[in-house]
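One structure is given below, encoded as C-alpha cells.
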2 protein chains.
Amino acid sequence: MPIAFPGDAAISCSCQSKPVAQLAREVGLFSEEVEPYGRSRAKIRLDVLKRMEKQPDGKYVVVTGITSTPLGEGKRTTTLGLAQALGALLNINAFACVQEPSPGSCFGAMGIAVGGGYSQIIPLEEVSLQPSGQNELISAASRVVMDTIKAHAYYETKLSEKALFDLLVPLREGQRSVSPAQLSRLKKLGIEKSDPLTFTGTEIRRFVRLDIDSETTTDSGSLENEIMAILSLSSSEEEMQQRLAKTVVATNKSGDPVTTEDLNVSGPLAMVLKDALKPVLMQTVEGTPVFLHTSPLDDIAHGSPSILADKIALKMVGSKGFVVTESGHGADVGLEKFFNIKCRYSGLQPDVVVMVATVRTLKMHGGAPPVQAGLPLPKEYSQENLEQLERGCCHLRRQVENAQAFGLPVIVAVNKFSSDTDAELELVCGQARQAGAFDAVQYTNWSEGGAGALALAEAVQRAAKLPGSFRFLYDSQIPAADKLRTVAQKMYGAKDIELSPKAKEKLALYTKQGFGNLPVCIAKTHLSLSNDPMMKGAPTNFVLPITDIKANAGAGFLCCLTDSTNTEMDDPMWPCFHGNNLYHDSK
Amino acid sequence: MPIAFPGDAAISCSCQSKPVAQLAREVGLFSEEVEPYGRSRAKIRLDVLKRMEKQPDGKYVVVTGITSTPLGEGKRTTTLGLAQALGALLNINAFACVQEPSPGSCFGAMGIAVGGGYSQIIPLEEVSLQPSGQNELISAASRVVMDTIKAHAYYETKLSEKALFDLLVPLREGQRSVSPAQLSRLKKLGIEKSDPLTFTGTEIRRFVRLDIDSETTTDSGSLENEIMAILSLSSSEEEMQQRLAKTVVATNKSGDPVTTEDLNVSGPLAMVLKDALKPVLMQTVEGTPVFLHTSPLDDIAHGSPSILADKIALKMVGSKGFVVTESGHGADVGLEKFFNIKCRYSGLQPDVVVMVATVRTLKMHGGAPPVQAGLPLPKEYSQENLEQLERGCCHLRRQVENAQAFGLPVIVAVNKFSSDTDAELELVCGQARQAGAFDAVQYTNWSEGGAGALALAEAVQRAAKLPGSFRFLYDSQIPAADKLRTVAQKMYGAKDIELSPKAKEKLALYTKQGFGNLPVCIAKTHLSLSNDPMMKGAPTNFVLPITDIKANAGAGFLCCLTDSTNTEMDDPMWPCFHGNNLYHDSK
C-alpha cells in the first residue's frame, strides 16, 4: 500500500525558515548589503561584488534537461536538491540560482511551490505569493518609454521648435545644460557641441525632433521582454544603463533607429530599474541559500537566472564551493543560450553540466501517447516498457552530445519516480554512459531532500576536478546566417536553415546597422528538437525555417523567430487548485 | 531675488528616515505585526486590529479639494503636512493615510516625490521606485480568473461531464469532497447535497458546466479595477474573500451571473491577494507615520486609501489622536464617494473635512486660460487679479456646500504659493467663511513642513471638538435612479439626469438580480463640476447623461458612466525628467 506523500504546502509549513538576517550572515553578507523583503527574503545590494572583487570564484554547475513533456523534468527541484546535497551533506559551501517565479504562476498545472517536495524554496507563501516587484518595475519602465514616445509625437506637431527646446533643455538662471544622454544624441547627429546656448536653428531642429515613424514603434510586450533580458544579462548598474541606452524603440522617418537615449530616458529607466537588478536571497527547506533573479516573460528569452545572481553566488561560496544554476527547457534550447549568450556576456566559465532526464519523458520520445498538463497521465507511463524506453533513448543520446559540444563533462541525472522500475532506470543510465556522459546517476531529492541527491553531488564534485575546456559553439564575428545554421545543425539536428525574404532583408539591415556580430537567440518550441512540437525523439533531415529577425540591441542578441506551431501549448492548462483544500481554507 | 528652493530629491536625501522597526515600535506595533519591506518600509499584519479591538478610535479627518487644474491642489502634501503639524508640533498622536503610488508614476508632470517639499514621504527611492507588489498581485489574481474561464470553455467542449467532474472534485482514496466555494455553487443551483458521491447525472452536468456566454466575459482591466476596489473596501481577510466570491466575471447562456465562486477560484484569489491587503508603513520627512494602501487604477474608482489603513491608524493613535486621510479629486467626486461608499462600508464616522484650495485654481474657475500639465503656466497665474479670483470663488462656495451636505465642519485650507498676494489670500478666506466654512486658514507646509501648517492643525483640533452629526447623502435602499439624481443635483448642480436606454435596461436587470441597493459610483470628469471638463466655475442648468451602468457586486457599488468628454486628459503629459539631472546622474 502506497504511503501518502505530504503536499508541498505541508512540507513548507513543517520547515522553519531561518530569519533572513541570519541566513545572510551565514553566507558571508554584511548587514548593510542586505535589504529585507518580508521575514525570510532579502534583496542583495550590488556593492558586495565590489567588496569581493579579489576573491576567487567557486565551481560553476549548470543544470539542463532533455526535451520534456509539458510537465517538465524537475530541473528546478534538481538544482535545489543538488545544492542541498553539496551544502548540507558534503559540507561544502553551496548556492542555488533559479529564476524568479511570477506571482500566481503557482496556480498552473505545475503545482504551487518553487521547486517541490523536500527540495523547495521556503516559505512557500513568500516565494509564490509575494512579488519582488521586478515585473512591476519593468512595466513601469516600459510605460515611461511608451508615454515619452507619445508625448514627443504630440508635442512635435503642437509646439514650435523653440518651445520644445525649452522643455527638453530648460533655461535656468540664464543657463541650459544637456544630460549625458542628450550629449550622446548630439554626437550621433554629428553636432559636436555641448553648450546648448550656441546651437543654430538647424541644430535645434535636428536635436528636438525625433520624427518617429509611428508604424515602427515597439509594442510594450516586446520592450518588457528586452528589459527583462537586460536585467538578466548585465553585470552592473553601469552596464544595465548602457544596454538600456542602446535599446531601439522605433525608427525615424529616415529609417534610422531611435533609442531610449534619443528619448532622453535612459537615465530615468536605470533609476526605475535599479531595485529590480538586485538578486533575491531565500533558502531551501534545508537552509541552503538560493538566489532568485529575473525570469523569462515569454518564449523569446534566453531563459536563465541573472548573471548577477550567479556572479555574487560564485564569490560567496569561495574557491572550494559550488554554485548550481538552472537553464531553461532542454539542452538544445536553454543550455545553448546559457553558453552562447549568457556566458559570452558574463565571461564566466562553467565547469560541469548536469542533464536531468526521466523515464517518463524518454517513453514519450519512444512513442508513448501525448501528455497534457493538468489532465491525468496515460497509463503507459506507469507500466514498465523497456522497448519503448530504449527507442526514446535516441533523444537522450542527442542531448548528451549537444551538451558535450561545449567541451564540458556531462552528468546525466535520472530523476527517479515511484513508478520507475530498476530495469528502466538502469537502461537509461547505461544509454547515457554509452553516449559519452561523464557519469549517470539516479536520485530522489524530491522525496528525500539533499540526502536523495548525494550520489549526484559526489559525481558533480568528481567532474568539477577535470581541467576546464569550455568553448562556444560559434564565434560571434561570423555572419549571422552561419551562426543560425551552426545552432540548427549542431543542436537541433537540422539539415539546413531557410531564411524567409523578410528575415533576409532584416539581416541585411541589421548587419548594415552594426548589429551583425551579436549572438543569436532562436525562438523555437521547447517540445521537440525540431521546430515541430509533435516531432519527438531525435529528428534529422528537416530544414529550419527562419521567418523573422529582430535585433535586440540593448539585450545584445538577434532574436530569430522560427516557424514553430506550438499547438500543444495553446491548449489552456487545467489549474491545479480544484480539489486542493489548501487554497480554499487558506485565509 | 528669489531663493532657489531645494528639489524633492535633495530634501529626501537630507532627511534621515528612522529604521522601520523603530518607527513601528514608536506607533505601538508589536514586532510580530511588522514585515519589513526594505529598510524604511514595512507591511502591517492585520492581526493588530484584533489585538486593538477594544481600544477607542482617534479623530478622523478627511482631506478633499476644489475642482483642480491638471496640476492638482496639493491635497496629498496637505494630508502629510497636517499630520506633521498635529504630530510633531502639537504633540498629538497623528497618522496620515494616502494612496499607494504606482512605480514610475513619479515620471509624470507631477514630480518625483509622494507629497512634496518638506511634506513628503521618505525615502523617495523606496516610496517611488520600489513597488509593494500590490499591482502585480492584482494582475496575478486577474490572470487566475481569466485562465480558469478559458480552461472551462475549452474543457467543457473537449471532455465528458464525468471527466470534468473528476478534475473538479477529484476522487481520492474512494472519497470526493467539495470546497466551500463549490458548496455555495451547489446551493445556488438548488442542489442541497454536500456528498458528491450521491450526485445524479443531471446534477453533475449542472454542476460542472458553467456554460459561459463568451461575449459576456469581463476584460482583465475591469476585473483588476474591481479587485483594487475590493482591497480598498474590505475590513478583513474574511470580508475580502466574501467580496471576491460575489464578483461577477461573466454571464451564462441563460443570462445568470457567473461569479468567481462558480469558477471555484474565490479561495485561491484570497490566497493570492492576502499580502496585498496589508497596509504599508512609512514616514514623512519629520518622522510622522504614514500608511500607504491601495490606489485607483483608473477614473472608475472611489479613489481613497483603504479602509484597513484608516482603521488600523485610528486604533494606533488612540482616542486623543488624529488620523488624516486623503480622498481623490474634488469634493464633488472623491469626497462624495469617500462618504457614500467608503464610510458606508467601514462604518467609520469622520469628524472634520479639510478642503484644499489655491488661488491658481480659483483664477482658472474665474476665466484664466487653461493650464496644461508639463507646459509652462500662463502668466495670468503669477499676477494679482482680484476680479478674476472673485469670479472663480463661486466654485469654492459650491464645493464648501457640497462638503457641508454630509453634516461635518469644513475647514478651507488655502495652500499658499509664492506668487499669491495677501489680498488674494484674504479674499479666498473671506469667501470661504461666507460660504459657511468652520474656518479658513492659509498654510505653507510644502516649504516649511509641519510648522507651516500649525494654524491649520489648530483649526482642525477645534473643529474636531464639535459634536458629530455625520449623515449620508442618500439611503442606499432608495431606487438607483434616485441615488444618481441626488448626487447629480446636490453635488454637481445638475438640473436632472438622463438615463440612456442601455443604462435603463441594465438598471432593471441589476435591480432584478438584487444589486439595486448598492451605492452608486459615478465616473465623471474631475476637471469640472459638470460632465464637461471645459465648463469651469459652478455650472447649473445642465442634464447629466448616464450612458451605461455596471454592477460591481464584489466591490459593492453600481458603476455609472457619464458622457464625459475628457479631451484635456487625452493630451499626453510632458514628462518631468528633461533637464532634471537627478535622473541622469542617478546611477
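Residue numbers begin at 1 in each chain, while the letters A, B, ... track the order of the sequences. For the numbers below, each heavy atom of this structure counts, side chains included, while hydrogens, waters and symmetry mates do not. Not measured: the values here are computed from a predicted model.
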| request: Pick whichever of Met240(B), Arg45(B), Glu35(B) has the most heavy-atom pairs under 4.5 Å with chain A. | output: Arg45(B)

| request: With a 4.5 angstrom heavy-atom cut-off, could you sort out which part of Leu159(B) is near chain A: side chain, backbone, both or neither? | output: side chain

| Heavy-atom pair with the smallest gap, counting every atom of Glu33(B) and Arg39(A) | N-NH2, 4.2 Å

| message | Taking side chain as everything from C-beta outward and backbone as N, CA, C, O, which of these in Ser31(B) sits under 4.5 Å from a heavy atom of chain A? Side chain, backbone, both or neither. | response | backbone

| Using non-hydrogen atoms only, which part of Leu171(B) is less than 4.5 Å away from chain A: side chain, backbone, both, or neither? | neither

| remark: Pair count under 4.5 Å, heavy atoms only, with chain B: among Ala42(A), Pro131(A), Gly133(A), highest is Pro131(A)

| task | For Gln175(B), look at atom CD and say whether over 12 heavy atoms of other residues, nucleotides or ligands are found less than 6.0 Å away. | result | no

| query | With sequence neighbours left out, which residue pairs that include part of residues 263-273 of chain A fulfil the salt bridge (charged side-chain N to carboxylate O under 4.0 Å, His left out) condition? | reply | none

| message | If I take atom NZ from residue Lys274(A) and atom CD from residue Glu125(B), how far apart are they, to the nearest 0.5 angstrom? | response | 4.5 Å

| Minimum heavy-atom separation for Lys158(B) to Gln372(A), with atom names? | NZ-OE1, 3.8 Å

| query | Can you tell which of Leu137(B), Asp166(B), Thr148(B) has the highest number of heavy-atom pairs within less than 4.5 Å of chain A? | reply | Leu137(B)

| query | Between Leu129(A) and Asp275(B), what is the shortest heavy-atom contact and its length? | reply | O-CB, 4.1 Å

| At a heavy-atom separation under 4.5 Å, does Arg41(B) approach chain A through its side chain, its backbone, both, or neither? | side chain

| Region of Val20(B) that comes under 4.5 Å of a non-hydrogen atom in chain A | neither

| Partners passing salt bridge (Lys or Arg N to Asp or Glu O under 4.0 Å) against Glu261(B) (at least two apart in sequence or in another chain) | none

| Closest-packed option against chain B by number of heavy-atom pairs under 4.5 Å, given Leu273(A), Val169(A), Leu167(A) | Leu167(A)

